[in-house]
Colleague: 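What follows is a single structure, and I will ask about it in a moment.
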Amino acid sequence: MSEEIKNTENTREENEQVQENLQEKRELKTSEKKGLNIADLLLTAILLAAGAVLKFFVGSIINIGGMKPNFIIAMYCMVIVLIRPKVIYAAIVGLLAGAICQFFPGTPYLNFASELAGALAMGFLIKMNFKFGKYDPVPALATFLSTVVSGGLYTILLIFVIHADKSTLVAYIPIVLCTALFNSVIVQILYLPLKKALKK
């Protein structure tokens with residue numbers, strides 16, 4: 001009888017070990033993604049286009065004292081958190097977002113640097129792995145910090161490249177922080193439904 005119990009325990013331990021190995025392989029496969037497949041490229045194009053459309057139509061409506069969501073930043077953060085690419089691909093997504101920003105009013109070319117920095121920050125930040133129970137705060141937290149990086153660099157470039165008044169920095173701080181808050185809420189709300197729909 002004791003031999004049977006021992007065999008059962010050994011079998012259970014072996015099954016648990018197999019499951020752990022499978023989980024590690026899945027995580028390794030996710031973290032070491034080599035490139036973007038066609039589905040990832042389509043998702044990138046669709047979300048960045050959606051960000052541009054939302055920025056054009058909705059961004060002008062939601063405006064509280066100059067503070068409003070930046071849907072292009074929100075969407076490239078969403079792209080990166082969904083497909084979890086290598087950092088180099090995150091940089092490419094940021095440059096694409098910067099190119100899209102050239103079609104909107106603002107200071108030309110500064111968005112290439114700011115969105116590149118924001119996307120790189122997002123690429124690094126999604127590697128964080130912590131949860132509160134079933135709640136995963138990484139999409140919101142990473143988006144918030146990436147928006148701050150993007151907006152902060154844009155403001156610094158305005159001052160040192162365009163020679164804007166240094167009071168611009170003080171004026172932009174609440175705008176950048178509130179935009180980051182808007183973006184983090186948008187990405188966190190949409191993350192789970194999109195992840196399930198795309199089976200990511």
Side-chain angles (χ1 to χ4, degrees), residues 30-37 39-56 59 66-128 138-164 166 168-169 171-173 175-188 190-191 194:
T30 301
S31 62
E32 295 184 353
K33 192 171 187 178
K34 291 184 178 180
L36 302 182
N37 56 36
D40 292 337
L41 292 173
L42 286 173
L43 178 64
T44 301
I46 290 169
L47 288 181
L48 287 179
V53 172
L54 288 169
K55 182 178 174 67
F56 184 80
M67 293 172 270
K68 55 187 178 181
N70 186 320
F71 290 102
I72 293 177
I73 296 178
M75 289 302 104
Y76 75 63
C77 286
M78 179 66 74
V79 167
I80 294 169
V81 78
L82 283 172
I83 66 178
R84 297 182 179 271
K86 283 187 173 182
V87 174
I88 184 64
Y89 294 105
I92 292 171
V93 171
L95 289 173
L96 289 173
I100 292 171
C101 288
Q102 302 310 303
F103 294 96
F104 292 88
T107 307
Y109 309 120
L110 296 188
N111 291 106
F112 281 111
S114 62
E115 306 318 338
L116 172 61
L120 284 171
M122 193 71 186
F124 284 110
L125 289 167
I126 58 169
K127 298 182 186 298
M128 295 186 296
V138 170
L141 181 59
T143 299
F144 182 88
L145 294 174
S146 298
T147 305
V148 169
V149 168
S150 174
L153 180 59
Y154 184 87
T155 306
I156 290 170
L157 290 174
L158 277 178
I159 295 170
F160 291 100
V161 177
I162 310 300
H163 304 295
K166 290 186 179 180
T168 303
L169 181 61
Y172 265 62
I173 287 173
I175 294 175
V176 170
L177 291 177
C178 287
T179 300
L181 182 60
F182 277 129
N183 286 353
S184 63
V185 170
I186 290 168
V187 171
Q188 189 66 48
L190 295 178
Y191 172 65
L194 283 176

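Here the structure is a predicted model, which means the values were calculated and not measured.
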Colleague: Please find the pair of heavy atoms, one from Gly118 and one from Tyr76, that lie closest to each other, and give the distance.
Modeller: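 Answer, listing the atom of Gly118 first, then Tyr76: CA-OH, 3.5 Å.
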
Colleague: Taking atom OH of Tyr154 as the centre, report whether more than 12 heavy atoms of other residues, nucleotides or ligands fall under 6.0 Å from it.
Modeller: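 More than 12 within 6.0 Å, yes.
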
Colleague: Just how far is it from atom CD1 of Ile88 to atom CG of Leu120, taken to the nearest 0.5 Å?
Modeller: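 With rounding to 0.5 Å, CD1 (Ile88) is 8.0 Å from CG (Leu120).
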
Colleague: Donor-acceptor check, side chain of Glu115 to backbone of Ile73, threshold 3.5 angstrom: yes or no?
Modeller: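 Not at all, since once roles are kept as given, no pair shorter than 3.5 Å links the two residues.
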
Colleague: Search all heavy atoms of Ala180 against all heavy atoms of Val148 and return the closest pair with its distance.
Modeller: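 Here Ala180 and Val148 meet closest at CB-CG2, 3.8 Å.
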
Colleague: Check Leu153 against Ala113 and note the closest heavy-atom contact, atom names and distance.
Modeller: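 Closest heavy-atom pair between Leu153 and Ala113: CD2-O, 3.5 Å.
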
Colleague: Please enumerate all residues that pass side chain to side chain donor-acceptor pair (under 3.5 Å) together with Ser146, with sequence neighbours excluded.
Modeller: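 Not a single residue meets the side chain to side chain donor-acceptor pair (under 3.5 Å) criterion with Ser146.
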
Colleague: Can you name the residues that form a side chain to side chain donor-acceptor pair (under 3.5 Å) with Ser184, not counting sequence neighbours?
Modeller: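 Once residues adjacent in sequence are excluded, Ser184 has no partner under the side chain to side chain donor-acceptor pair (under 3.5 Å) criterion.
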
Colleague: Hey, are the side chains of Ile162 and Leu157 touching, using non-hydrogen atoms and a 4.5 Å cut-off?
Modeller: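 Answer no - side chains too far apart.
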
Colleague: Check Ile175 against Thr179 and note the closest heavy-atom contact, atom names and distance.
Modeller: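 Looking at all heavy atoms of both residues, the closest pair is O-OG1, 2.7 Å.
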
Colleague: Looking at CG of Leu43 and CE of Met78, how far apart are the two atoms once the value is rounded to the nearest 0.5 Å?
Modeller: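 Taking CG in Leu43 and CE in Met78, the distance rounds to 9.5 Å.
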
Colleague: Taking all non-hydrogen atoms of both residues into account, name the closest pair between Ile186 and Ala74 and its distance.
Modeller: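 Taking Ile186 first and Ala74 second, the nearest heavy atoms are CG2-CB, 4.5 Å.
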
Colleague: In the structure I gave you, are the side-chain heavy atoms of Leu110 and Leu158 within less than 4.5 Å of one another anywhere?
Modeller: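 Yes, close enough: below the 4.5 Å cut-off.
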
Colleague: Do the non-hydrogen side-chain atoms of Cys77 and Asn183 ever get within less than 4.5 Å of each other?
Modeller: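 Not in contact.
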
Colleague: From Ile46 CD1 over to Leu41 CG, what is the distance, rounded to the nearest 0.5 angstrom?
Modeller: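 Ile46 CD1 to Leu41 CG: 11.0 Å, rounded to 0.5 Å.
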
Colleague: In Å, rounded to the nearest 0.5 Å, how long is the span from OG1 of Thr44 to CE of Met75?
Modeller: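 Separation between the atoms: 12.5 Å.
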
Colleague: Kindly compute the distance separating CD1 (Ile126) from CD1 (Ile80), expressed to the nearest 0.5 Å.
Modeller: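 Here the rounded value is 7.0 Å.
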
Colleague: For a 4.5 angstrom cut-off between non-hydrogen side-chain atoms, does Leu82 reach Leu47?
Modeller: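 Result yes, sub-4.5 Å side-chain heavy-atom pair found.
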
Colleague: Are more than 12 heavy atoms, taken from residues, nucleotides or ligands other than Phe104, located less than 6.0 Å from that residue's CZ atom?
Modeller: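 Yes, enclosed.
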
Colleague: What do the steps show when you test Val138 against Leu125 for side chain to side chain contact (heavy atoms under 4.5 Å, CB included), and what is the final call?
Modeller: CA-CA 8 Å; Val138 170; Leu125 289 167; over 6 Å; no

Colleague: Can you see which heavy atom on Thr155 is nearest to which on Tyr172, and at what distance?
Modeller: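 For Thr155 versus Tyr172, the nearest heavy atoms are OG1-CD2, 3.2 Å.
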
Colleague: So, taking the atom named CZ in Phe71 and the one named CG in Leu48, what distance separates them when rounded to the nearest 0.5 Å?
Modeller: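 Nearest 0.5 Å value for the CZ-CG distance: 14.5 Å.
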
